[in-house]
Structures are given as structure tokens and as C-alpha cells.
Student: 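Next up is a structure, given as C-alpha cells.
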Amino acid sequence: MKKINILLLLIMLIQLPLFAQETGTGYSSAVQMIDSGRQEEAMDQLRPYLDYKKYGKLALYAHYHFARAAYKNQQYQLAQATLEQLLKNYKWEREDEALYLLALSDFAQNEAYAGLSEIAKIDDQSLLEDGYKASYDFLSKNAAVSFMVAHWSAFKNNEGYSIALKEKLLSQSVLSSNEKVVLAELEEMNIGGAEGSTSMDKIKNQELDVAIILPFNYQGGSGVRNLEGNNFVFELYQGIDMAVEDAKRKGVDINVKSFDTERKNEVVRKILEDSFFKKADIIIGPIYPEETELVSSFAEQHKIPFINPVSNIKANFEGKDYAYLFRPSTEVIVDKLLDYSRRHVTGNRIALAYSGSSRDELMARQFASEAGKRGYRVAYNQKVGSNNIRNFLEQIGMRPGMTANVDQVVIFSDDPYIASPTLSLLESLTTETPVFVMDSWLYFNFANFDMLEGNDLNYIGNNSINLSKKEVEDYRFRFFEKFNAYPGAYAYIGYDLMGWVANVINSRTGFDFRKNLDQRGQTDGGLGFGLNFRNSHSNQYVPVLKLTQGKLEEIK
């Protein structure tokens, strides 16, 4: 197997671009691509940096992130081969992280023994605990009792292995003599359930205590003094900070402590040991998938509501009672858009385009599936980029002098390089075919919406800001006074998020977040068009918006 893996890796490396970049610029952007769902692009961009003779230590990090991208792209054999080469041929300072990822790659290929063996080599205690959890998750679902009993002596130090085996043995009505011996030994170890039931001794008070966990230095580094003006996380925090000040002026007793994850899982684990969490009423952030998984699990264990401020993907939160999305989930967006189409659009033929981000690909799959159930026909369904979005639109008849051969067009993308050619094409024609895009398009500085009059261009609300509100204009003015710049999209989100939290839980309303959300139902406060979290862990309010004579209006 390993010979095949190495051969596969060599084949991949032969395909290195001849124009390999001479600096680490491409490496840095590639690492960011992985976390935004663009794994294939990241792998292509990382390949030049795998050359150790040329890039030295940087090549070792490139190997790891190349394997991480492959793993996320479900190319488990490639991830395995890359990591095996890294661990066998080089001495790397973050070897434990590579061992953990290799174990996950082994598990994904149903190679239980190999995965467990890699976990046993890990020294870092936090990663070792993650390895135990991964072991439990895999073994409890996939491993046979006979396999686990046979290898019990080799892996009895793996707590996840022990718990999974104990649960399996207890579920059997009949045990062999060997199984009885193992179970007796497990009983003597006095191990508990998989998730554990211990909880911190909570400190209760009448102050709203908020923990902010954000990757301020998502591009590397530490501290906040050198953060650049284009740092979207810092912009999000600026909005949060202004909302905290406003809440205090209104008499809310609020205490906020912020933490920087630095985009390192080991830093997140250290953050969660802080004594502030003994009294925290709510956690805001982080943003990236691996970090949110750590924090959401911690929040679930200690019964602290946790909010991801910008994501629409709830897949990692399934079955968790304390995890929330501030924005609508992809499922809610799909449901509300199809409801709107049923009421306002004639015909059932849909052209669907979507970008390569993980959110957009997920939403496109959900939309196509749900549309079919509701009697629609998705006549065109295509992944697009800046190089082919115009061809896609022309293919469906969106060109001067022609009539579209579909009844509506849906484009799931926040990419300005997809928006720009789309808007450029729409400027050149007049069509009655409704086009639905994400509300992020409203904020692109190249968009000249006045030139699109006569076209049915609609914006899918994603916690949209109501620019006609007096509160928005007031916020813009105060933000400029404080920061000498106007707020961007993330500054609006941060302000609305923190204002919403301070209104939902405080000394007056009480600190039962779930109960208060259900009682509030739909609200129209803040800077946006509305929020509704009744019986939901994400915002259910998804308005469809349209620009009419320069004014953004909701179409009921």
C-alpha cells in the first residue's frame, strides 16, 4: 500500500508548474484558500513549494498544508502519501500535527490499525486528546468487536479506543471468555462515556459576560498593534466594540474579553483554559472550521451558547444544542428562495450557477435537490468562475436580442470576479427573466446599479443591512468619527451581532438564551431587515431585495 502511495505522490509532484514562484506569496494565499473551500486551487498553488532544496523549511509546511487540502478534498490516499513522505524524510517541528492528520487519513480509508498506530506516536497532550476522540468516532461506527479485542493490549492507552470497546461489549447479550476478560479489565479502569460529563463550576452574576474568540492574525503573527486596515476580522471586531459601547450607554451591565486564535488550534485549546469561561454567558467566534469545531464542542460540554458570526454552514453543528449561526443556514436560504419563487416567478425552468466555495457548492446541491421536490426543473446546473460565467449566461440565452430559455437564474457566489462580468453583461441587455444573486453584490465598489434599470435583478438576504434606515446612517457617521473610515460589510455584521446579543440576554431579560430567542420571535431592530431565531439555531429571516430608483426594498 505504501509503495502505491509513494508512487501516486511522485506522479503528482512531476506535475509541478515550471513557473514556480520565487517567494512565499503564493504559499500564504494557498493556505487561506484551504479554509475557504478552494482545496484544488490551494493544492495547485502549493505544489511549487514542495521542493525542499529550493524552499527549505517552508517546503515542510507546504507538505503539511498540501496534505490538509487533499484530505479536505477527500483525496485521502494522496494526503496519506504526502504525510508519510514528510514524516519519513524530514525532521519537522510540528510532527504531531502531521501524525494526527495522517491518522485521520488512515481512518478515512478504513485503515484502523494504521490510524491508531499514528495516534500512539503523538506527544502533544491536546492533539493526543483529539486523537482519542477521533479514535472513538471511527471505532464506534466502523470497527468490529473481534478486531478491537484482538488489538486491545496494543491500544489500551487510547482512551477513545477503550470507551468504544467498552460500549460495544456492554451492548452484546453474549460474550466470549476472552471478551469477558477484556470487559472486566475495562471495568477496573473506571472509564466513562465518550463525551464525558464533567462541567466547570459556573460563576453566576447579573453581568453579561461575553467571550470574543477571533482569528485576528489569520495571516500570521500575533498581537493587534500591527493589524492592517483590510483585516476583515478586525473590522468585524470594530463593529462588535461599538455595539458594546452602545449597550453600556443603554444601561446594560456588560463585560467583554477578547482572544486571538492566531489560526492555531493549540492556541484555541489554551484559550479555552482561561478562567473567564467559568462565568462566560456566551461565546462569539471563531470563524474557521477547525477552530469552530473545538469551541463548539467546548461550549456544548459546558452549556455556553456559541455563535459563529459569519458562516452559513450548520453541518458541523448538527445535534448540538448550544451552537448557533448568526446568519441563515444554507438550508434556510434555499427554502426561503424557493418559497419566494413560487409566489413571484412564473414557470419552473431554473438555471443554477455557483462558485467553488464550500458554502456555494453545498447550497447548490441543496437547492437542486429541493427544487426537484417542489416541481422545478433545474435545466442548467454549473460550477462557474470568472472565466466562464459570461459563457454560462449566454448559453441560457442571456444576450442582446435573445430571450432566455429559462424562467429564472440563480447565482450562488460572493466572488466579485463572478459578479463583475455578470453585471457587465446585464448592462448590455434588457430582460424580464429574474436573476437572483447574494446580497454581497450590493457592496462591490464596481457595481453601477443605476445602469441595470429594466432588469429583474434580485438580492438574497443574508443578514442584509437596510441602508434606508436612520440607524444605519447614524452608525456610519459615528464609525467614521471613531476610525476615520466608513464601515465595511463585516463592521455592520459585528455591530448587529453584538447589539442582538445584548438585547436577548441581560440582567433584565435573564440569561436563558434559548428561551429568550423563542419568546422574541421575529425582530426588526438593529441595522438590518430583521432577525428570527424562534425554534431555530440560525436566522430564519431571508428577505428578497430589489433596488428601485436607488432605494433597496424588500419584496414581500
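All values reported here derive from a predicted model rather than from experimental measurement. All residue numbers refer to positions in the sequence shown, counting from 1.
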Student: We want to know whether N463 and Y492 form a side-chain donor-acceptor pair, criterion being a heavy-atom distance below 3.5 angstrom.
Tutor: no
Student: side-chain hydrogen bond (donor to acceptor under 3.5 Å, both in side chains) between S29 and Q45: does it pass, once the steps are laid out?
Tutor: CA-CA 8 Å; S29 62; Q45 201 154 306; 2.3 Å; yes
Student: Measuring from K314:NZ to N308:CG, what's the distance to the nearest 0.5 Å?
Tutor: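 K314 NZ to N308 CG: 14.0 Å, rounded to 0.5 Å.
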Student: Give a yes or no on whether a salt bridge exists between K248 and E245, defined as a side-chain N under 4.0 angstrom from a carboxylate O.
Tutor: no
Student: Say whether, by atom type as modelled, one donor and one acceptor occur between the side chain of D414 and the main chain of S440 under 3.5 angstrom.
Tutor: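 Here the side-chain-to-backbone pair does not exist.
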Student: Any side-chain donor-acceptor pair under 3.5 Å between S355 and D415?
Tutor: no
Student: Do D518 and R514 meet the salt-bridge criterion of a basic N to acidic O distance under 4.0 Å?
Tutor: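 Result for this pair is yes, salt bridge flagged.
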Student: Quick check against the 3.5 Å criterion: does D281 have a side-chain atom that pairs as donor or acceptor with the backbone of D209?
Tutor: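 At least one qualifying donor-acceptor pair exists.
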Student: Could you check whether Q39 and Q75, counting side-chain N and O atoms only, form a donor-acceptor pair closer than 3.5 Å?
Tutor: no
Student: If you round to the nearest 0.5 Å, how far is OH of Y52 from CG of N89?
Tutor: 11.0 Å
Student: Give a yes or no answer on whether the side chain of N539 reaches the backbone of N532 with a donor-acceptor pair at less than 3.5 Å.
Tutor: yes
Student: Starting at CG of N265, measure out to CD of E293 and round the result to the nearest 0.5 Å.
Tutor: 9.0 Å
Student: Can you name the closest pair of heavy atoms from A98 and L87 and give their distance?
Tutor: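 Residues A98 and L87, closest heavy atoms: CB-CD2, 3.9 Å.
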Student: Roughly how far apart are L236 CG and Y495 OH, rounded to 0.5 Å?
Tutor: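 L236 atom CG to Y495 atom OH measures 14.5 Å (nearest 0.5 Å).
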Student: Which residue, M438, Q366, E361, forms the side chain to side chain contact (heavy atoms under 4.5 Å, CB included) with F412?
Tutor: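 For F412, the side chain to side chain contact (heavy atoms under 4.5 Å, CB included) test succeeds with only one of M438, Q366, E361, which is M438.
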Student: Indicate yes or no for a side-chain donor-acceptor contact from Q80 to the backbone of S105 under 3.5 Å, with no hydrogens or angles considered.
Tutor: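 No; judged by distance alone, with no hydrogens or angles, the pair does not exist.
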Student: For atom NZ of K482, is the number of surrounding heavy atoms from other residues, nucleotides or ligands below 6.0 Å larger than 12?
Tutor: yes
Student: If you count every heavy atom of other residues, nucleotides or ligands that lies below 6.0 Å from F477 atom CZ, does the total exceed 12?
Tutor: no
Student: Ring centroids only, cut at 6.0 angstrom: are F234 and F483 within range, meaning strictly under it?
Tutor: no
Student: Examine distances only and state if a side-chain atom of T509 and a backbone atom of V504 form a donor-acceptor pair shorter than 3.5 Å.
Tutor: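 Present.
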Student: Side chains of D253 and S507: do they bring a donor and an acceptor to under 3.5 Å?
Tutor: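 Looking only at side-chain atoms, S507 and D253 do not form any donor-acceptor pair under 3.5 Å.
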Student: Identify the two heavy atoms, one from M43 and one from A69, that lie closest to each other, and give their separation to 0.1 Å.
Tutor: CG-CB, 3.5 Å
Student: Please find out if less than 6.0 Å separates the ring center of Y161 from that of Y136.
Tutor: no
Student: Whether the side chain of E95 engages the backbone of K91 through a donor-acceptor N/O pair (distance < 3.5 Å, no angle test) should be reported.
Tutor: no
Student: Any side-chain donor paired with an acceptor under 3.5 Å for E93 and Y61?
Tutor: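 Yes, side-chain donor-acceptor contact under 3.5 Å.
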Student: Return yes when atom OH of Y90 has more than 12 non-hydrogen atoms of other residues, nucleotides or ligands closer than 6.0 Å, and no otherwise.
Tutor: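 Yes, OH of Y90 has more than 12 neighbouring heavy atoms, counting only those of other groups under 6.0 Å.
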Student: How close do D496 and G528 get, counting heavy atoms only, and between which atoms?
Tutor: OD2-N, 3.3 Å
Student: Salt bridge or not between R68 and E97? Use side-chain N to carboxylate O under 4.0 Å.
Tutor: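 No, this pair does not count.
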Student: Rounded at 0.5 Å granularity, tell me how far CD1 in I119 sits from NZ in K121.
Tutor: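 The CD1 atom of I119 sits 11.5 Å away from the NZ atom of K121.
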Student: Counting N and O atoms only, with roles assigned by atom type, does the side chain of S536 sit under 3.5 Å from a partner on the main chain of R534, one being a donor and the other an acceptor?
Tutor: no
Student: Do H302 and F277 have ring centres separated by under 6.0 Å?
Tutor: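 Not close enough - the centres of the two rings lie 6.0 Å or further apart.
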Student: Check Y541 against G530 and note the closest heavy-atom contact, atom names and distance.
Tutor: CD2-O, 3.6 Å
Student: Evaluate whether atom CD of E40 has more than 12 neighbouring non-hydrogen atoms of other residues, nucleotides or ligands under 6.0 angstrom away.
Tutor: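 Count not over threshold, so no.
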Student: With sequence neighbours left out, what residues match A489 under side-chain contact (heavy atoms from CB on, under 4.5 Å)?
Tutor: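 In terms of side-chain contact (heavy atoms from CB on, under 4.5 Å), with neighbours along the sequence ignored, A489 is linked to no residue.
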Student: Regarding E266 and K264, does a basic nitrogen lie under 4.0 Å from an acidic carboxylate oxygen?
Tutor: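 A salt bridge is absent here (no side-chain N lies under 4.0 Å from a carboxylate O).
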Student: For the pair K469 (side chain) and G526 (backbone), establish whether a donor and an acceptor sit closer than 3.5 Å, ignoring hydrogens and angles.
Tutor: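 Yes, K469 side chain to G526 backbone: donor-acceptor pair under 3.5 Å.
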Student: Under 3.5 Å, is there a donor on one side chain and an acceptor on the other for N312 and N462?
Tutor: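 On atom types as modelled, these side chains qualify, holding a pair under 3.5 Å.
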Student: Do NZ/NE/NH1/NH2 and the carboxylate oxygens of D246 and K250 come within less than 4.0 Å?
Tutor: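 The answer is no: the pair does not qualify as a salt bridge.
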Student: Is it possible for you to check whether R520 lies under 6.0 Å from the centre of the six-membered ring of F533, through NZ or CZ, and within 45° of that ring's axis?
Tutor: no
Student: Are the side chain of E235 and the backbone N or O of P487 linked by a donor-acceptor pair below 3.5 Å?
Tutor: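 The answer is no, because no donor-acceptor pair under 3.5 Å joins these two groups.
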Student: Nearest 0.5 Å please: distance from the CG atom of L78 over to the OH atom of Y71.
Tutor: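 It comes to 14.0 Å.
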Student: When you measure from the side chain of D474 to the backbone of K470, do you find a donor-acceptor pair of N or O atoms at a distance under 3.5 Å?
Tutor: no
